[in-house]
Colleague: 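Can you read through this structure? Questions will come right after.
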Amino acid sequence: MNITATLIGQTLAFAVFVWTCWKFIWPVLISAMRERQKTIADGLEAAEKAQRDLEHAEARVEEHLNGARTEARQIVEQARSQAAEMVEEAKTVAQAERERILEAAQADIEQEMNRAREALRGRVAELAIAGASRIVEGDLDRSRHDALLNKLAAEL
Amino acid sequence: MAESSGEYIKHHLTNLTYGRHPDGTWGFAENADQAANMGFWSINVDSMGWAVALGAVFCVVFGIAARRATAGVPGGLQNAVEMIVDFIDDTVSSIFQHRNDLIAPMALTIFVWVFLMNLMDLVPVDWIPEAAKLMGVEFMKVVPSTDPNITLGMALAVFILVIFYSIKVKGIGGFLKELLCHPFEAPKGGNPVVRGLLIVILAPINLILEGVTLLAKPVSLGLRLFGNLYAGEMIFILIALMYGGIVIGVFGAALQWAWAMFHVLIITLQAFIFAVLTVVYLAQAHDTEEDH
């Protein structure tokens with residue numbers, strides 16, 4: 001355990017190893033580590049940004065959906081009122097049509113009744129003449145009594 | 001065990017020394033006395049060799065990691081290396097606030113290198129020396145940090161750096177002023193002649209105090225590491241002496257295992273302390289007077 005030149009040797013070896021590490025090892029390692037640190041930090045930041053973007057987009061989607069919902073409700077409301085209006089209108093039109101048809105039918109009936117009455121009148125005159133001729137059993141001149149018969153038929 | 005316990009221990013604590021014999025021939029010392037007679041200009045081939053080899057291991061492993069380093073997904077080796085680099089980088093940046101890009105790589109080198117040198121302590125004490133004996137090498141001390149030359153050699157390098165940066169940052173004048181005018185300062189104001197006289201009187205006292213402070217740093221740095229590792233190694237050697245009988249041998253094995261577990265803590269801690277104290281001393285060297 002003597003102090004010898006080993007001490008100087010070790011001092012020199014120390015200098016050589018420290019210099020090697022200083023010049024060739026440390027800078028390479030530390031720069032690679034810094035670079036990776038930066039890459040990771042950038043990646044995290046990008047992820048965070050994407051997350052923010054996503055939240056933003058989701059908010060916008062929600063907004064759009066709400067708008068669409070309101071619009072749909074409005075349209076349905078509108079359609080409903082329009083339908084009610086249309087039904088109301090159709091009812092009015094139908095009512096008018098009904099009245100018109102009823103009137104027409106009434107007129108037809110009237111006409112038919114008149115025509116029947118007319119026919120009936122003719123028949124009654126004939127029947128009256130037939131009856132009368134049977135009763136009279138004479139040769140009643142038809143032409144002589146026509147005027148009388150027509151007058152009778154018109155009175156019916 | 002043919003030799004006595006004393007011889008066994010002494011053998012384990014003797015370095016393989018190469019140097020000049022007193023009779024003028026060069027060669028390896030055959031025993032501790034011969035090594036002592038060689039004086040300063042001899043070299044502990046084993047300590048030096050293991051220290052350089054382990055330093056080379058550090059450079060190669062970290063060099064490979066640096067060569068393969070990418071900013072992409074790191075592999076196993078790169079992960080391990082980067083963990084250590086990151087740890088040292090954090091430690092240094094919390095202690096050392098000045099700008100100097102030598103400090104962090106130096107702390108890394110010291111931490112890993114000293115750790116590897118300490119790690120040799122966990123190799124069972126007889127393995128490598130016995131293997132060396134088979135190859136015809138008589139002495140083989142495998143833990144470089146149990147050699148005061150190695151630890152003080154590193155401390156000397158740190159001391160040189162401390163002096164270098166003190167002068168570089170503060171200038172020779174500033175450095176001398178720090179040595180001569182602290183800790184006892186002449187009060188400002190008053191009679192300039194009296195003040196000048198006071199400064200001259202206080203200067204040698206300050207020089208002694210500051211000089212001791214300055215020198216105590218590298219000496220304590222080197223001796224702390226040496227002392228811890230030497231003591232640890234000694235305990236391993238003493239435990240190794242128990243491998244004689246079965247019963248006491250089993251007890252010894254248990255002891256060795258327990259001490260090794262505990263020693264893992266010590267070797268890591270001592271490597272870390274050496275690195276951190278180096279950074280602290282260099283940070284003090286960078287502190288200018290205003291920071292005091």
Side-chain angles (χ1 to χ4, degrees), chain A residues 1-70, chain B residues 13-15 17 19 32 35-36 38-45 47-48 51-52 55-56 58-59 62-63 65-67 69-74 78 81-82 85-86 88-89 101-102 104-106 108-110 112-113 144 146-158 160-161 222 230:
Chain A
M1 240 198 295
N2 320 296
I3 295 298
T4 67
T6 314
L7 187 135
I8 295 168
Q10 177 70 5
T11 306
L12 293 178
F14 179 89
V16 169
F17 288 131
V18 167
W19 182 79
T20 309
C21 180
W22 180 32
K23 284 294 170 198
F24 301 111
I25 296 173
W26 182 270
V28 181
L29 284 172
I30 212 84
S31 74
M33 286 164 68
R34 296 260 188 282
E35 201 175 315
R36 184 174 328 108
Q37 242 165 22
K38 196 178 166 299
T39 312
I40 293 172
D42 287 353
L44 285 176
E45 203 178 317
E48 208 168 297
K49 190 174 169 294
Q51 184 70 33
R52 271 204 308 275
D53 283 356
L54 180 66
E55 271 163 25
H56 197 66
E58 269 172 358
R60 263 205 347 246
V61 164
E62 189 63 29
E63 202 174 297
H64 275 267
L65 266 177
N66 276 342
R69 259 186 223 123
T70 319
Chain B
L13 295 179
T14 306
N15 281 108
T17 310
M38 284 173 177
F40 181 76
W41 291 109
S42 60
I43 193 147
N44 295 341
V45 179
S47 301
M48 201 66 244
V52 170
F58 158 71
C59 280
F62 277 64
R67 179 168 291 228
T70 59
V73 180
Q78 202 189 336
V81 164
E82 282 186 6
V85 169
D86 202 39
I88 294 294
D89 195 38
D101 61 356
L102 170 69
M106 182 171 67
L108 175 72
T109 311
I110 290 173
V112 179
W113 193 18
T146 56
D147 184 342
N149 289 300
I150 296 295
T151 60
L152 287 172
M154 287 191 292
L156 176 65
V158 172
I160 292 169
L161 282 173
Y230 186 79

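First the proteins, then the strands, lettered A, B, ... as listed; each starts at 1.
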Colleague: Name the member of B:Gly55, B:Gly63, B:Cys59, B:Ala155 that forms the most heavy-atom pairs with chain A at distances under 4.5 Å.
Modeller: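 Looking at each of B:Gly55, B:Gly63, B:Cys59, B:Ala155 in turn, B:Gly55 comes out on top.
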Colleague: Minimum heavy-atom separation for A:Thr4 to B:Asn149, with atom names?
Modeller: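 Reported closest heavy-atom pair: N-OD1, 2.8 Å.
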Colleague: Roughly how far, to the nearest 0.5 Å, is CD1 of A:Ile3 from CG of B:Asp147?
Modeller: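 Taking CG in B:Asp147 and CD1 in A:Ile3, the distance rounds to 7.5 Å.
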Colleague: Counting only non-hydrogen atoms closer than 4.5 Å, does B:Ser42 touch chain A with its backbone (N, CA, C, O), its side chain (CB onward), both, or neither?
Modeller: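 The answer is both parts of B:Ser42.
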Colleague: If I measure from the heavy atoms of chain A, does B:Ala104 come under 4.5 Å with its side chain, its backbone, both, or neither?
Modeller: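 B:Ala104 touches chain A through backbone and side-chain heavy atoms alike.
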Colleague: If you count heavy-atom pairs under 4.5 Å between each of B:Ile88, B:Ile160, B:Val158, B:Leu152 and chain A, which one has the most?
Modeller: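 Winner by heavy-atom pair count: B:Leu152.
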Colleague: Can you pull out the residues in residues 10-43 of chain A with any heavy atom less than 4.5 Å from chain B?
Modeller: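 Residues in range: A:Gln10, A:Thr11, A:Ala13, A:Phe14, A:Phe17, A:Val18, A:Thr20, A:Cys21, A:Trp22, A:Phe24, A:Ile25, A:Trp26, A:Val28, A:Leu29, A:Ile30, A:Ala32, A:Met33, A:Arg34, A:Glu35, A:Arg36.
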Colleague: Using 0.5 Å steps for rounding, measure from the CD1 atom of A:Ile8 to the CG atom of B:Leu156.
Modeller: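 So the gap between those two atoms works out to 8.0 Å.
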Colleague: Where does B:Val45 contact chain A at under 4.5 Å (heavy atoms): side chain, backbone, both or neither?
Modeller: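 Contact with chain A: none, neither part.
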